[in-house]
Amino acid sequence: MNGAAVFLDRDGVLNRIVPRDGHPGSPRSLDEFVVDDEAPRAVARLREAGFRTFIITNQPDIARGLLPSSELEAMMDVLRRRVEVDDARVCRHDDADACACRKPKPGMILDLAARWSIDLARSYVIGDSWKDMEASRAAGCRGILIERPYNVGTRFMARVASLDEAVDLILKG
């Protein structure tokens, strides 16, 4: 599978969402950050099959002043210790910044693909939002949406109930 990769969203895919005022939110402290139990083994299965694995995550709470960079780095360190990946990209911008890296734009995917010589047509994005699916489409990858109560109506290539099911789908080819 040389050259193929799986790009994984962070919040809602690798770690749990934090409900805030009835809406899904990202953790804002290490205390709120909980890696999903299935994540380490699911990602390991992808790596064993020869896929490169990457984290791609929007973290606009940095730009909004709601999340200190030190807390974000601590969460990413915990995640990297629990879930082995090749690399990660974090967009710290808000929509108003109009950057190329904030999903739904494909900047993080394209950056990692160039750095690691990834064949995007043979690669996947696993996410839980329309932004993940649109970034996948824009980059030329196949998108797999993990079902969540907050993403009903999101367009996708495939919809699954869990990260394990997404990995099963990818490994079946």
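The shown structure was predicted, so the numbers you read here are calculated from the model rather than taken from an experiment.
- Shown here is E38, whose CD atom has more than 12 heavy atoms of other residues, nucleotides or ligands within 6.0 Å.
- Considering K103, R148, K105 as possible partners of D132, the one that fulfils the salt bridge (Lys or Arg N to Asp or Glu O under 4.0 Å) test is K103.
- Side-chain contact between N15 and R10 is present, with heavy atoms from C-beta onward closer than 4.5 Å.
- Of all heavy-atom pairs between A39 and V35, the closest is CB-CG1, 4.2 Å.
- In this structure, F7 and L120 have side chains that are in contact, with non-hydrogen atoms separated by less than 4.5 Å.
- Between the CD1 atom of I55 and the CG atom of L112 there is a distance of 10.0 Å, given to the nearest 0.5 Å.
- Side-chain contact between M133 and R137 is absent, with no heavy-atom pair separated by less than 4.5 Å.
- There is a path of hydrophobic side-chain contacts, each under 4.5 Å, that joins I126 to M76.
- Note that the NE2 atom of H23 and the CG atom of D21 stand 7.0 Å from one another [nearest 0.5 Å].
- Taking every heavy atom of both residues into account, T154 and W130 meet most closely at CG2-CA, 3.4 Å.
- By the 4.5 Å heavy-atom criterion applied to side chains, V83 and L8 are not counted as neighbours.
- Note on V13: it clusters hydrophobically with M75, by side-chain heavy-atom contacts below 4.5 Å among ILVMFWY residues.
- Residues R102 and D97 have side chains not in contact (no heavy-atom distance under 4.5 Å, counting atoms from C-beta outward).
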Report task. For side chain to side chain contact (heavy atoms under 4.5 Å, CB included), just list the numbers for E84 and T53, CA-CA rounded to whole Å, side-chain angles, deciding distance to a tenth of an Å, and then say yes or no. Result -> CA-CA 8 Å; E84 186 178 348; T53 55; over 6 Å; no
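- Both L171 and I144 are assigned to one and the same hydrophobic cluster, defined by single-linkage of ILVMFWY side chains at heavy-atom distances under 4.5 Å.
- Nearest heavy atom pair, residue A139 against residue I109, reads CB-CG2, 3.6 Å.
- Taken together through direct or relayed side-chain contacts under 4.5 Å among Ile, Leu, Val, Met, Phe, Trp and Tyr, I146 and F51 form part of one hydrophobic cluster.
- A donor-acceptor pair is defined here as one N or O able to donate and one able to accept, closer than 3.5 Å; no such pair exists between the side chain of D119 and the backbone of G3.
- Across all non-hydrogen atoms, the minimal contact from V167 to A42 is CG2-O, 3.6 Å.
- Contact check for R28 versus D61: side-chain heavy atoms found under the 4.5 Å cut-off.
- Between L163 and L14 the shortest side-chain heavy-atom distance falls below 4.5 Å.
- Taken together through direct or relayed side-chain contacts under 4.5 Å among Ile, Leu, Val, Met, Phe, Trp and Tyr, I56 and V85 form parts of separate hydrophobic clusters.
- Considering OG of S123 and CD1 of I170, their distance stands at 9.5 Å, rounded to 0.5 Å.
- Checking side-chain atoms of D86 against main-chain N and O of F54 turns up no donor-acceptor pair under 3.5 Å.
- When all heavy atoms of R52 and I118 are compared, the pair lying nearest together is CG-CD1, 3.9 Å.
- Between D9 and N58 there is no side-chain heavy-atom pair separated by less than 4.5 Å.
- No hydrogens or angles considered: a donor-acceptor pair under 3.5 Å links the side chains of S69 and R92.
- The line from CD1 of I17 to CG of D11 is 5.0 Å long, rounded to the nearest 0.5 Å.
- Atom-to-atom distance recorded for L72:CG and L30:CG is 11.0 Å, nearest 0.5 angstrom.
- With no hydrogens or angles considered, a side-chain donor-acceptor pair links W116 and D87 at under 3.5 Å.
- Taking CD1 of I62 as the reference point, atom SG of C91 lies at 10.5 Å (rounded to 0.5 Å).
- Taking each heavy atom of S136 and R142 in turn, the nearest pair found is OG-C, 3.3 Å.
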Query raised in the report: Does the side chain to side chain contact (heavy atoms under 4.5 Å, CB included) test come out yes or no for R20 and E32, once each step is laid out?
Result: CA-CA 12 Å; R20 285 200 177 76; E32 292 180 340; 2.6 Å; yes
